[in-house]
Amino acid sequence: MFKDLLITVTNFFRDPEAFDILKESIIPDLIAKVSGDTPIRCWVTGCATGEEAYSLAMIFVEVLNQNNRYNNVQIFATDIDNDAIEIARLGIYPDSIVADVSPERL
Ligand SMILES: C[S@@+](CC[C@H](N)C(=O)[O-])C[C@H]1O[C@@H](n2cnc3c(N)ncnc32)[C@H](O)[C@@H]1O
(Lines give C-alpha, C1' and ligand atoms only; values in the text may rest on other atoms or scores of the structure.)
Protein backbone atom coordinates (compact mmCIF):
# COMPACT_ATOMS: atom_id res chain seq x y z
CA MET A 1 0.00 0.00 0.00
CA PHE A 2 2.92 2.31 0.82
CA LYS A 3 4.31 1.75 -2.70
CA ASP A 4 0.90 2.23 -4.31
CA LEU A 5 0.45 5.59 -2.59
CA LEU A 6 3.85 6.90 -3.65
CA ILE A 7 3.34 6.47 -7.41
CA THR A 8 6.96 6.57 -8.57
CA VAL A 9 6.10 7.14 -12.24
CA THR A 10 8.66 9.35 -13.95
CA ASN A 11 10.69 9.76 -17.12
CA PHE A 12 13.29 12.09 -18.57
CA PHE A 13 11.94 15.57 -19.36
CA ARG A 14 8.58 14.34 -18.12
CA ASP A 15 6.86 17.69 -18.52
CA PRO A 16 8.55 19.08 -21.67
CA GLU A 17 6.87 22.49 -21.42
CA ALA A 18 8.19 22.99 -17.90
CA PHE A 19 11.70 22.03 -19.00
CA ASP A 20 11.43 24.42 -21.95
CA ILE A 21 10.54 27.27 -19.58
CA LEU A 22 13.44 26.32 -17.32
CA LYS A 23 15.81 26.33 -20.27
CA GLU A 24 14.52 29.44 -22.03
CA SER A 25 13.88 31.76 -19.11
CA ILE A 26 14.28 30.55 -15.53
CA ILE A 27 17.86 29.27 -15.64
CA PRO A 28 19.16 32.06 -17.93
CA ASP A 29 17.57 34.64 -15.58
CA LEU A 30 19.09 32.89 -12.59
CA ILE A 31 22.64 32.82 -13.93
CA ALA A 32 22.35 36.44 -15.05
CA LYS A 33 21.75 37.39 -11.41
CA VAL A 34 24.78 35.65 -9.93
CA SER A 35 28.51 35.95 -10.50
CA GLY A 36 30.44 33.30 -12.42
CA ASP A 37 31.90 31.77 -9.26
CA THR A 38 28.64 31.53 -7.32
CA PRO A 39 27.57 27.92 -6.72
CA ILE A 40 24.00 27.13 -7.74
CA ARG A 41 22.05 24.56 -5.75
CA CYS A 42 18.83 22.85 -6.80
CA TRP A 43 16.65 20.38 -4.96
CA VAL A 44 14.43 17.78 -6.64
CA THR A 45 12.21 16.90 -3.70
CA GLY A 46 10.51 13.73 -4.95
CA CYS A 47 12.99 12.47 -7.52
CA ALA A 48 11.72 8.86 -7.81
CA THR A 49 14.32 6.95 -9.88
CA GLY A 50 16.31 10.08 -10.76
CA GLU A 51 15.22 11.01 -14.26
CA GLU A 52 14.09 14.51 -13.27
CA ALA A 53 17.37 15.28 -11.51
CA TYR A 54 19.45 14.12 -14.49
CA SER A 55 17.18 16.05 -16.87
CA LEU A 56 17.75 19.19 -14.83
CA ALA A 57 21.51 18.57 -14.92
CA MET A 58 21.44 18.32 -18.72
CA ILE A 59 19.50 21.57 -18.99
CA PHE A 60 21.97 23.35 -16.73
CA VAL A 61 24.95 22.13 -18.78
CA GLU A 62 23.30 23.35 -21.98
CA VAL A 63 22.41 26.80 -20.62
CA LEU A 64 25.80 27.31 -18.96
CA ASN A 65 27.61 26.31 -22.16
CA GLN A 66 25.46 28.62 -24.27
CA ASN A 67 26.33 31.52 -21.96
CA ASN A 68 30.02 30.65 -21.52
CA ARG A 69 29.47 30.24 -17.81
CA TYR A 70 31.14 27.73 -15.51
CA ASN A 71 29.20 27.94 -12.26
CA ASN A 72 29.42 24.95 -10.00
CA VAL A 73 25.93 23.41 -9.98
CA GLN A 74 24.85 21.02 -7.24
CA ILE A 75 21.60 19.12 -7.69
CA PHE A 76 20.25 17.44 -4.59
CA ALA A 77 17.61 14.78 -5.11
CA THR A 78 15.58 13.10 -2.39
CA ASP A 79 12.71 10.66 -2.18
CA ILE A 80 10.90 8.82 0.55
CA ASP A 81 11.16 5.57 -1.46
CA ASN A 82 14.57 4.01 -0.76
CA ASP A 83 14.24 1.49 -3.61
CA ALA A 84 13.74 4.34 -6.08
CA ILE A 85 16.72 6.21 -4.67
CA GLU A 86 18.93 3.13 -5.16
CA ILE A 87 18.05 3.13 -8.87
CA ALA A 88 18.65 6.88 -9.07
CA ARG A 89 22.09 6.45 -7.50
CA LEU A 90 23.09 3.89 -10.13
CA GLY A 91 22.13 6.25 -12.95
CA ILE A 92 21.71 3.36 -15.38
CA TYR A 93 18.62 3.47 -17.59
CA PRO A 94 17.12 1.22 -20.29
CA ASP A 95 17.43 1.84 -24.02
CA SER A 96 13.78 2.93 -24.04
CA ILE A 97 14.79 6.39 -22.78
CA VAL A 98 15.51 7.28 -26.41
CA ALA A 99 11.81 8.15 -26.51
CA ASP A 100 12.43 11.10 -24.19
CA VAL A 101 16.11 11.97 -24.58
CA SER A 102 17.41 13.41 -27.84
CA PRO A 103 20.46 11.84 -29.56
CA GLU A 104 22.58 14.90 -28.63
CA ARG A 105 21.67 14.50 -25.00
CA LEU A 106 22.23 10.77 -25.01
C1 LIG B 1 5.03 10.78 -9.49
S2 LIG B 1 6.70 10.71 -8.84
C3 LIG B 1 7.37 12.13 -9.63
C4 LIG B 1 8.85 11.99 -9.91
C5 LIG B 1 9.49 13.22 -10.53
N6 LIG B 1 9.43 14.37 -9.65
C7 LIG B 1 8.86 13.58 -11.85
O8 LIG B 1 8.06 14.53 -11.89
O9 LIG B 1 9.13 12.93 -12.86
C10 LIG B 1 6.45 11.27 -7.14
C11 LIG B 1 7.59 10.88 -6.21
O12 LIG B 1 7.46 11.61 -4.98
C13 LIG B 1 7.84 10.76 -3.92
N14 LIG B 1 7.22 11.24 -2.67
C15 LIG B 1 5.90 11.26 -2.36
N16 LIG B 1 5.72 11.77 -1.13
C17 LIG B 1 6.96 12.09 -0.66
C18 LIG B 1 7.41 12.67 0.55
N19 LIG B 1 6.59 13.01 1.53
N20 LIG B 1 8.74 12.88 0.70
C21 LIG B 1 9.61 12.53 -0.30
N22 LIG B 1 9.23 11.98 -1.47
C23 LIG B 1 7.91 11.76 -1.65
C24 LIG B 1 7.36 9.40 -4.35
O25 LIG B 1 8.05 8.35 -3.68
C26 LIG B 1 7.62 9.43 -5.85
O27 LIG B 1 8.86 8.85 -6.16
Side-chain angles (χ1 to χ4, degrees):
M1 188 173 168
F2 177 73
K3 289 277 187 194
D4 284 346
L5 287 172
L6 292 178
I7 314 170
T8 53
V9 63
T10 187
N11 50 259
F12 286 90
F13 304 98
R14 180 172 173 227
D15 183 345
E17 287 175 10
F19 279 100
D20 286 347
I21 293 169
L22 274 171
K23 182 167 182 178
E24 301 306 325
S25 64
I26 293 175
I27 297 176
D29 288 353
L30 175 68
I31 65 171
K33 287 181 185 154
V34 299
S35 66
D37 57 1
T38 301
I40 297 169
R41 298 188 182 97
C42 311
W43 182 18
V44 180
T45 53
C47 70
T49 43
E51 286 88 335
E52 184 179 341
Y54 292 115
S55 300
L56 188 59
M58 287 185 249
I59 296 277
F60 259 103
V61 167
E62 291 168 8
V63 175
L64 289 171
N65 283 344
Q66 280 168 3
N67 290 277
N68 294 315
R69 292 285 296 268
Y70 305 95
N71 294 72
N72 186 350
V73 177
Q74 295 177 306
I75 298 175
F76 300 91
T78 56
D79 200 285
I80 201 169
D81 184 337
N82 286 328
D83 294 335
I85 285 286
E86 284 303 318
I87 294 169
R89 279 202 184 100
L90 285 175
I92 297 171
Y93 295 98
D95 290 346
S96 57
I97 68 169
V98 296
D100 306 308
V101 186
S102 67
E104 296 78 16
R105 285 173 172 161
L106 281 172

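Note that ligands are numbered from 1 as they come in the structure, with each ligand's atoms numbered from 1 the same way.
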Looking at [X], which atoms of ligand 1 are within less than 4.0 Å of one of its heavy atoms?
| X | answer |
| --- | --- |
| Glu52 | 5 (C), 6 (N), 7 (C), 8 (O), 9 (O) |
| Thr10 | 4 (C), 5 (C), 7 (C), 9 (O) |
| Ala48 | 4 (C), 27 (O) |

> Heavy-atom distance to atom 20 (N) of ligand 1: which of Thr8, Ile80, Asp79 wins?
Replying inline: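 The nearest heavy atom belongs to Ile80.
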>> Considering Ile7, Val9, Asn11 one by one, which has a heavy atom nearer to atom 10 (C) of ligand 1 than any of the others?
In response: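 Of the listed residues, Ile7 has the closest heavy atom.
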> Given side chains that start at C-beta, do those of Arg69 and Val34 come closer than 4.5 Å, heavy atoms only?
Replying inline: yes
> More than 12 non-hydrogen atoms from neighbouring residues, nucleotides or ligands closer than 6.0 Å to CD on Glu17, yes or no?
Replying inline: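 No - once you tally the heavy atoms of other residues, nucleotides and ligands closer than 6.0 Å, there are 12 at most.
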>> Please check this pair: side chain of Asp37 against backbone of Tyr70, looking for a donor-acceptor N/O pair closer than 3.5 Å.
In response: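 Not a single qualifying donor-acceptor pair exists.
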> Mind checking what makes side-chain hydrogen bond (donor to acceptor under 3.5 Å, both in side chains) contact with Asn65, not counting sequence neighbours?
Replying inline: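 Result, side-chain hydrogen bond (donor to acceptor under 3.5 Å, both in side chains) vs Asn65: none returned.
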> What protein heavy atom is closest to atom 4 (C) of ligand 1, reported as residue, atom name and distance in Å?
Replying inline: Gly46 O, 3.2 Å
> Tell me, which protein residue and heavy-atom name are nearest atom 16 (N) of ligand 1, and how many Å apart are they?
Replying inline: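 In this structure, atom 16 (N) of ligand 1 has Leu6 CD2, 4.2 Å as its nearest protein heavy atom.
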> Is the shortest N/O to N/O distance between Arg14 and ligand 1 below 3.5 Å?
Replying inline: yes
> Which ring-ring contact (aromatic ring centres under 6.0 Å, His included) pairs, counting each pair once, include a residue from residues 3-42, with sequence neighbours left out?
Replying inline: Phe12-Tyr93, Phe13-Phe19
>> Can you give me the closest heavy-atom contact between Ile27 and Leu56, atom names plus distance?
In response: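 Closest approach of Ile27 to Leu56, heavy atoms only: CD1-CD1, 4.5 Å.
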